[in-house]
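Working notes, beginning with the structure itself.
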Amino acid sequence: RKTMNLEEERTGSSLEARARVLEQGDIGLGPADLCHTVWQSTSTAGLLRSVTTSEYGQYHFVYGQDVSTPAAIAAYFRKLMSSRGDSSRLVKGTYCTYNAFARQDVRVEVVMPGSVHGYAVDVNGVLLEMAEAAWRQTQICAVLRASKALDNLVPLRLPRDLPSSLSHTQIFDPLASPDAHTSFLEAVKEVFWQAKRVGVSGFNSEATNTFNSLTLGVLRSFLTKCRYSQAELYFSRYIPHEAEMASIVAVILRKCPEPEIGRALRLLARGALRKDRMAPSLLVQQSQLCLVDGNVEAAVALARAAAEDAPGVNEIWLNLARVYASANRPLLALAALNALHLPPVEVTFSLLEAGSTTKKPRFWRRASNGTSGPKKQPVAPSSQSDRRLVQLGASYLHGIMLKAYKVLVELYQRYGWSELLKKRSEIFILKGEQDQSTASSVPLPTLSAAPKPPRAPHPPAVSASAPASSQPSMRGHEDSDNTSDTMLSSSSVPVHAVLTRQHSMPAGSGSELAQSSDDSQATVLEGRVWVHRRLCKAWLDKLFAFLHEDVTYYTTVVKGDSGAASAEQRSASDYFRIGALAERLGDTTAACHAFRACFSTDLPAKSKLRPRVGLALLHLYVQNRDLPNALELAVEVGNCLPLGSNDAYVQIAMAHLRSEVFRLLSLVGLRAVEAMYKKFRDKDERKTVSMLMSEAAAWQVHNTST
C-alpha cells in the first residue's frame, strides 16, 4: 500500500522524534511500534542515459507484530519488500518496540543483503544487549499495546474524525486464536508479580499488583471474548497471594450476563478480612455491587471510605459521583465531580479542530447481500450536512471525561435542565460572583481539611444479605466494557474527603446544606455533612456547556417542529451524529431509529460510514437482546469488511464485530442462534453465521458449551 508510509523530510527524523518521547520517563506501555525504512531508487536522465541513485526514508506505525525474536521482525521487512509496488530497493530497516518492564526501547536493524542485529536503548541513550527473558517481556508488551488499541480506538465518531495516523498504521491481532491466547497467558505467569514496573497509562495513581497495565490487559483479553468462567479461574489462583485480586474477580462476576452479586460480595468480604485495612479497590467494587443490589446507602458509605483512603485517584471520585447521583444527592454528586483533577477541555478535544487532510485508502466494499436489507434512501450531499451537529463538543469526549459527562446526563434525566442549573448555583460559585468576591477581598474557598474522625482497623464488609435501602435503586450505573476504572490503587496519605472540607465564607454568601448521615457503616463522615459553595473547575463548566448544546439541539431540532421538516435534507453523517447524540442523552429508541436511517441510505460502494454505523446499531441490538435484527446486521456488516486485511480500520472494526457477536451469544445462548441460523436462506449468510458460531465455540464463549 503506497499510502501506508509517511515520507521523512530528513532521513532518520522519525527515530529522533521517538527518542525524544521516550526521554519523558514513565510512559506506561509505551507508544506504537515504529517501522523505519530507507529505500534506494534509481533513475536515468539525459542523452547519455546517466544513472542516478537517491535514498529516502519512510516510516509507519505497527500494533501486534511478533517481536519475540529478531528473526520474526526480519520476516516483517521481507514482507514489506515483497509487497512493494515499485522498483525501489530496501537498503536498511529499523524496527522499534518498547519494553515497559525494563523501560527500554528495543530496536532491530536489518541491513541488506541480510544482516540482522537486535539491541536495547535505555532512557540515557546507552546501547544494551538483549537477553532471552527481555525478548519475552517485549513480546508481552507488544500484545498488551495491540489489544488496548483494538479495544479503545473506536469511539463513536465518523471515520474522518479519527486520528490521521491510523491511515499509516498496520494492526495485527496477536490473540487471533485460542492457542495464541493460551500462549500469552503462559508467558504472563513468569512476569505477573513484576507488573508494577509496567505502570498504568493515563492514571494519576501508583501501579499496584492489582491495578496495572498487565492485569488490565489480561482481564480485557478475557472480557472481549466473553470468557467469564476462564477469567474467574485464572485470577482466582492469585487471591491467596494477594487479597486485592478479589476485586478483579468481582468485576468478572458483575459483568457476566447473569451477574452473581451475592458471590462477588462474599468474595470481597473474605478478601477484606485478610488485610489490616480494606484496600480502595475492594471498597469501590463493594460500592458498585451494592448499587446493583439496590443497597444504595451501603454503597455511599463504601464509596466515601474509598475516597478518604485514596483522595488523589480520579476514578474513585468518579465512582463517588455516580453513587451520589444514584442516591438522589445531586449536590454531593456535583461536588465529587469537581474533585477530579483533569486537564483543560481544549487540550482534551484537539480533534475538534484537527481535521485530517491525508488521503485515506479505500478498502470498504458493498455487502454481497445488499438486496436483503431495507430499501435504500437517497443520501443528501455533504454540503447539506448540518454544521451544528459537527460542532457539538460532547461528540469528541472520550475516556474519563466522557464518564464524567454521563454522570451529568444522569442528573439531567433525573431533575431536568432548569433544576440542574439551580443545583449548580447552590454548590458552585459562578464567574460573576467570583469577580464580586475578589473585588471585595472576600477569601475564596480553600482546601483546608477538617479533623478526621476515628476509624476502625477493619472497615466492615457488606454481605450479600444486607438489607436494601429505601432509596431508589441505581439507574444507568453499568460501566462500559472498558474495565480500567474498576481496580484502583491506594494512597498512604490519610486526607479527609474533599466534599466535607470547611470553607471560610461570609454569612449569606452561599446556601449551606445540611443533611443527617444515617449511614451506620460510613467510616469517613460522622454526624452532619456540610456542603459549601466552591469554585467550579473549568473542565466541569465546559461539560455543562456541552450538555446545554446537546439538550438544545436535541429538543429543538431533533424532537421539535423543525425536526420533521429537515429530515429530508439530512445526510447520512447527520443521521449518524443524531444517533450518537440520542445515545449520549440516554434515548436508545431514537438512537436506533437514527442509525437505521443512516444505514438504509444509498451510501457509496466504498463508504467507510456503513460498517461504522452498522457496529453502532449492532451494539444497541445486542444490548436489547434483539437476536433476529442483531444477527442479520452482523452478517451484513461482516460482508463489508475484507478478510485478511491488516488495515487499521478493518482490524479495529473486525475486533468490535467479533466482540459484539460473542456478547450476543453469551446473552441468548447457542441454541437460540442455531434456531435463527436455520431461517437464513442465502448461502453466503448461512456460511457467515456458521463461521461465527464455530469461532465462538472454539473460544469457549460463555453460554455456548451446548
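Looking at E583, its side chain never comes within 3.5 Å of a backbone N or O of T588 through a donor-acceptor pair. Under a 3.5 Å cut-off, the side chain of R254 and the backbone N or O of E260 do not form any donor-acceptor pair. No donor-acceptor pair under 3.5 Å is formed between the side chain of N624 and the backbone N or O of D626. The closest donor-acceptor contact from the side chain of S659 to the backbone of A655 lies at 3.5 Å or more, if one exists at all.
Inter-residue side-chain proximity for Q285 and Q288 is flagged as met; some heavy-atom pair is nearer than 4.5 Å. Taking the side chain as every heavy atom from C-beta outward, F77 and C35 approach each other to under 4.5 Å. Using a 4.5 Å cut-off on side-chain heavy atoms (C-beta onward), S666 and P257 make contact. Looking at S82 and R78, their side chains never come closer than 4.5 Å, going by heavy atoms from C-beta outward. The closest side-chain heavy-atom distance from R84 to T37 is not below 4.5 Å. Put simply, the side chain of E632 does not reach to within 4.5 Å of the side chain of V635, judged on heavy atoms. Looking only at side-chain heavy atoms (C-beta outward), D66 and Y76 stay at 4.5 Å or farther from each other. The shortest distance between side-chain heavy atoms of F61 and L34 falls below 4.5 Å.
When each of Q170, Q65, R145 is checked for a side-chain hydrogen bond (donor to acceptor under 3.5 Å, both in side chains) with D33, only R145 meets the rule.
In this structure, H181 has its ring center closer than 6.0 angstrom to the ring center of F222.
Taking CG of L609 as the start and SG of C598 as the end, the distance is 4.0 Å to the nearest 0.5 Å. For the atom pair L219 CG and L214 CG, the distance stands at 11.0 Å (nearest 0.5 Å).
The closest side-chain donor-acceptor pair between D550 and Y405 falls under 3.5 angstrom.
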